[in-house]
Amino acid sequence: QVEQVKLLDRFSTSNKSLTGTLYLTATHLLFIDSSQRETWILHHHIAAVEKLPLTTSGCPLVIQCKNFRIVHFVVPRERDCHDIYNSLLQLSRTAKYEELYAFSYNPKQNESEQVKGWQLIDLAEEYKRMGVPNAYWQLSDANRDYKICETYPRELYVPRTASKPIIVGSSKFRSKGRFPVLSYYHKNKEAAICRCSQPLSGFSARCLEDEHMLQAISKANPSNRYMYVMDTRPKLNAMANRAAGKGYENEDNYSNIRFQFVGIENIHVMRSSLQKLLEVSGTRGLSVNDFLSGLENSGWLRHIKAVLDAAVFLARAIAVESASVLVHCSDGWDRTSQVCSLGALLLDSYYRTIKGFMVLIEKDWISFGHKFSDRCCQLDGDPKEISPVFTQFLESVWNLTEQFPQAFEYNEAFLLQIHEHVHSCQFGNFLGNCQKEREELKLKEKTYSLWPFLLAEQKKYQNPLYNPDFCPELTLLEPNTVSFNFKFWRNMYHQFDRSMHPRQSVFSLIMNTSEQNKQLEEDIKELEAKIKQRNGQSDVVLVKEHEQTAHPAPVALKTPPCFQKEQPPMPVNDAVRTIEGSNTADNRYSELVSEFSKAEPAVVSLEYGVARMTC
Amino acid sequence: MEFAELIKTPRADNVVLHRPFHQAVEGTLCLTGHHLIFSSRRNDNAEELWLLHSNIDSIEKRFVGSLGTIVIKCKDLRIIQLDIPGMEECLNIASSIEALSTLDSVTLMYPFFYRPMFEVVEDGWCSFQLEQEFEFLCSMTNEWRLSYVNKEFSVCPSYPPAVIVPKSIDDEALRKVALFRQGGRFPVLSYYHKKNGMVMMRSSQPLTGTNGRRCKEDEKLINATLRTGRRGFVIDTRPLGVAQQARAKGGGFEQEVHYPQWRRIHKYIERFNILQESLIKLVEACNDQSHNMDRWLSKLEASNWLTHVKELLTTACLAAQCIDREGASVLVHGSEGTDSTLQVTSLAQIILDPRCRTIRGFESLVVREWLQAGHPFQQRCAQSAYSNSKQKWEAPVFLLFLECVWQIHRQFPCSFEFNEQFLIMLFEHAYASQFGTFLGNNENERAKLKLPQKTMSLWSWVNRTEELGRFQNPIYEANSLVIWPSVAPQSLQLWEGVFLRWNRPSKFLEEAEEERIRIIKYNKALQAKVNALRRQLAEMETDEAAQ
């Protein structure tokens, strides 16, 4: 516990700050300011801690979080600062899974609730929903004991004609044994999205079993005789891989395939792209042109567009041409997961529902072994393995929700909350790198699943504009991917920088109104029932005590949900119709005048109170 | 001149109309003196497109065999293409359109011919008189007076006949001050801040010249707005260097020695061709259906449009801050005081004054701070983003102002009585309209053209209940506070409603907006019903109690 710590506003140029006390708990860093407002920071969320050179007011400490929060403390004494710095460094770097928050987090659920929570998402059920097994596709037990591929789930769906020797042979010809398996099956078109890793083709190697495998996939689609093979990497990268004995499919060796590169960059490019983006958006006193050129130089939106373009290509191949598509990148767990899941999201409206989105993430990301632990740096490990692949997926989905405001059951807060928990290590879902690892960690016994918690508070995540009939079940969502459609996701990258957001939110207003409408409908029913009842007994003279309706003010709007779950650590949105005049000091145009007022002590700058009017 | 002389081919059949995100339609094209009319009656949902010739910014023609194609680019930024069979017809039509869309004489413009199909309830020409505004001012302070020194437009040709000035300054002094300010635009009241009695004045630059001329009456006039012992701020919309250079041409700025009670702040707001080029580049970038992200971002950057937005908003916030937070009076001017000055004073009022965020209040603001204040609409809005003429006086000054209002609107979506459509409508009418409101460059010209007698006012049309519904913001909740927008680049957005309006499919966005409105309306209906039922129930209860 350190007192008299100052919390500086990241973008304000005036040196205004909040003074308060900093506490360090086993799991969180807590700052309570003089007006008792709490800021909670989970240790696992801390991406970097930095001590800046000593200033006259104390020792500055900058903490960068994985959810893009950046806090800037000034600790009065250097020793304290050093202690906090060291403790945070230790606490934010966990060496063993068992030390992660999920293993100590106790949401007061009993065992059966815990078990039920983990059963909420059932992938076998999901494949059944898609329509497999069927005449062409079956469940394979080849990987039941993780013998063929350690990073795949136990249950895999393959074409009926793909026999075990073909599977085994094909897996030996694929990087990390990740042979082609079913990811999504489109009932109406009888076409499939399959996924795998790159072939170990080198410059000329072939594998008959692998060729058979692809043929089996192609034959499993009665409506089209050719299939696409999408290599999601840039051609140059794929070619470079040939020198290492890996590479891509040679169209001559595989019958009826159409091979296509789509050019999504690798995890290292993405990592440094995000780094650049954050550097730009974190600059104080940024000019419009520096922002735009920084955005351009970071390449971030270009990458998001590439991912979405690939997904559109995939979805069109299936919906328009009825062709099956095999997707891979290098290891088939990053770009492949992005493209397969987004493709399915465009094809199938189920994934645009809250439950369906959970299923999608469980299927294409968790079960197929996207390395969440490495990519999100859950344990202290190789920094070169960190990459915002999943963040890009969420951002692509957000872009779609912007273009199709009525097509999604969930809202932006849902995406942000998932992002929060992918990094929080508070729930077991995203721990580890693959299913095998998760089983070894006994996550289902020792930790809780995130999904039931999200489902329990799904009101917060519902899109009030959602129209379930927006597009019939299996019709393609066709986004416009012209560049100007892609925007900087301010609510993600500046989620915690309050001064940048609109002071009044149409979204939360609509959300609350829609919520209120439901309540009013209930009220009307209740009142009508009462009136009917009274009409019925109007003859009977009875002086009942004056029944004041149970809810005196059902119209009062509730405070909109905070994005955070457990503790409400931040003041995200104020009450819906909170009308404020905001603060000039938040904005940079204050500079000039404050200079003048310094020279002129007679002019006292009035502190502007935030007035609230709740309707 | 007869329009018929200009129309060699008044009608062409089997013309195909192409618009982005619409299917091509075949139909008949007709040219009238003021309109290009396209109608397709083939299918049941007969479609008609009426385009004012004055809305046409540029036209291009090309031929493939005997099939001619005309590409029409409009001032509201839309682009349409017409395929016209027959080379002669096509050439005739193209040259007619060209001639009709570039008529020289104002009196040939459509507003002089337009006959409204609606009943005029309130004559918009008389809706916003300065006298009413002055009456309102008098309810708060008695330090000001209405001066008719400019009744004959002789003191300042670009000012209206009536202006509000400090009570202590007589008309004789005003005449002298007018000689000291460019174009005779002496300092007048723009806004009175009720909360603390501070004011915003506007003028043109003082004509100090290189030898530092001074004018005692000018000093007295602007000092009359200060409280004893308080200072004021002069916000000069030019950087210091430009203001200094202006002295060589007879212009200049208020020097400290002669205006010791005033602090000068220099900002930089772009004007004229730089602004026009910025718009042209922006629109070009938006029309590029490019899949190259880097190109889009660098074009957006190179247009500098959002930089201008940010600069203007920042300056307006600064002016508002001086008044509201520093408790100081402000004088705003650039050179002529007809462009950037008006942008700043009107935006500052949007920030400070809740009245300006209502529909009527905003209309009044446009009338006072733009039309009556002598923003030369006819010059500035002669051409838009597709023009090739590159005249120095063409500039999207008003559009930039509307864009800034939109940016504030986006950040405070519940604080405005009007919606985005209202702003877009004003943009359209400033460039091409059936109404006379935006014709002419100042009140003097409007009086000479007898616009109030010969044309219909835009406000007569807009303020009818039938039209107002389209422009009302369903989530409006009067907000009496000052609203400070964020000017961080991350908080500013491209105004898609104007710049991407014709370039992207908007069906889903429109449907979503309808759904939002439905939810709000449904809420009101439900609340009313609940209240009615409660009342009914309460009545029954009292009846029973009485029994």
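Heavy-atom basis, side chains included; hydrogens, waters and symmetry copies ignored. Quick note on labels: first sequence line is chain A, next is B, and so on, each numbered from 1.
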- Residue part contacting chain B, namely of A/Phe291, when any heavy atom lies under 4.5 Å: side chain
- Message: Is A/Asn480 close to chain B through its backbone or its side chain, or both, or neither, when contacts mean heavy atoms under 4.5 Å?
- Response: side chain
What part of [X] gets closer than 4.5 Å to chain A, counting heavy atoms only: side chain, backbone, both or neither?
X: B/Asn292; result: backbone
X: B/Phe21; result: side chain
X: B/Leu494; result: neither
X: B/Leu500; result: side chain

- Validation row, ring centre B/Phe508 to ring centre A/Phe470 under 6.0 Å: yes
Taking the side chain as every heavy atom from C-beta outward, state whether [X] and [Y] have any atom pair closer than 4.5 Å.
X: B/Ile483; Y: A/Arg503; result: no
X: A/Glu528; Y: B/Lys529; result: yes
X: B/Gln493; Y: A/Phe488; result: no
X: B/Met293; Y: A/His303; result: no

- State plainly whether the residues A/Lys487 and B/Glu496 are in salt-bridge range, i.e. N to O under 4.0 Å. yes
- Message: Using a strict threshold of under 4.0 Å (side-chain N to carboxylate O), is an ion pair present between B/Glu539 and A/Arg534?
- Response: no
Pick whichever of [options] has the most heavy-atom pairs under 4.5 Å with chain A.
options: B/Arg410, B/Glu301, B/Met540; value: B/Glu301
options: B/Glu311, B/Gln536, B/Arg295; value: B/Gln536
options: B/Leu533, B/Val309, B/Leu492; value: B/Leu533

Nearest 0.5 Å, please: how far is [atom2] in [Y] from [atom1] in [X]?
X: A/Phe404; Y: B/Lys507; atom1: CZ; atom2: NZ; value: 10.0 Å
X: A/Ser287; Y: B/Leu306; atom1: OG; atom2: CG; value: 11.0 Å
X: B/Arg518; Y: A/Asn517; atom1: CZ; atom2: CG; value: 7.5 Å
X: B/Gln411; Y: A/Ser505; atom1: CD; atom2: OG; value: 12.5 Å
X: A/Glu296; Y: B/Leu300; atom1: CD; atom2: CG; value: 10.0 Å
X: A/Asp309; Y: B/His291; atom1: CG; atom2: NE2; value: 6.5 Å

Please confirm whether the backbone N or O of [Y] pairs with a side-chain atom of [X], one donor and one acceptor, at under 3.5 Å?
X: A/Thr513; Y: B/Ile520; answer: no
X: B/Glu515; Y: A/Leu465; answer: no
X: B/Asp294; Y: A/Gly299; answer: no
X: A/Ser483; Y: B/Ser290; answer: yes
X: B/Gln490; Y: A/Arg490; answer: no

For [X] and [Y], work out which heavy atoms get closest and say how close.
X: A/Leu509; Y: B/Ile475; answer: CD2-CG2, 3.1 Å
X: B/Ile519; Y: A/Pro464; answer: CD1-O, 3.7 Å
X: A/Leu527; Y: B/Arg534; answer: CD1-CG, 4.0 Å

- Among the listed options A/Leu301, A/Asn467, A/Asn485, the residue most often paired with chain B at heavy-atom distances under 4.5 Å: A/Leu301
- Query: Of the listed residues (A/Ala407, A/Ala306, A/Pro405), which shares the most heavy-atom pairs with chain B below a 4.5 Å separation?
  - Reply: A/Pro405
- Would you check, one step at a time, whether the test side-chain contact (heavy atoms from CB on, under 4.5 Å) holds for A/Gln504 with B/Glu477? CA-CA 11 Å; A/Gln504 297 168 335; B/Glu477 182 91 355; over 6 Å; no
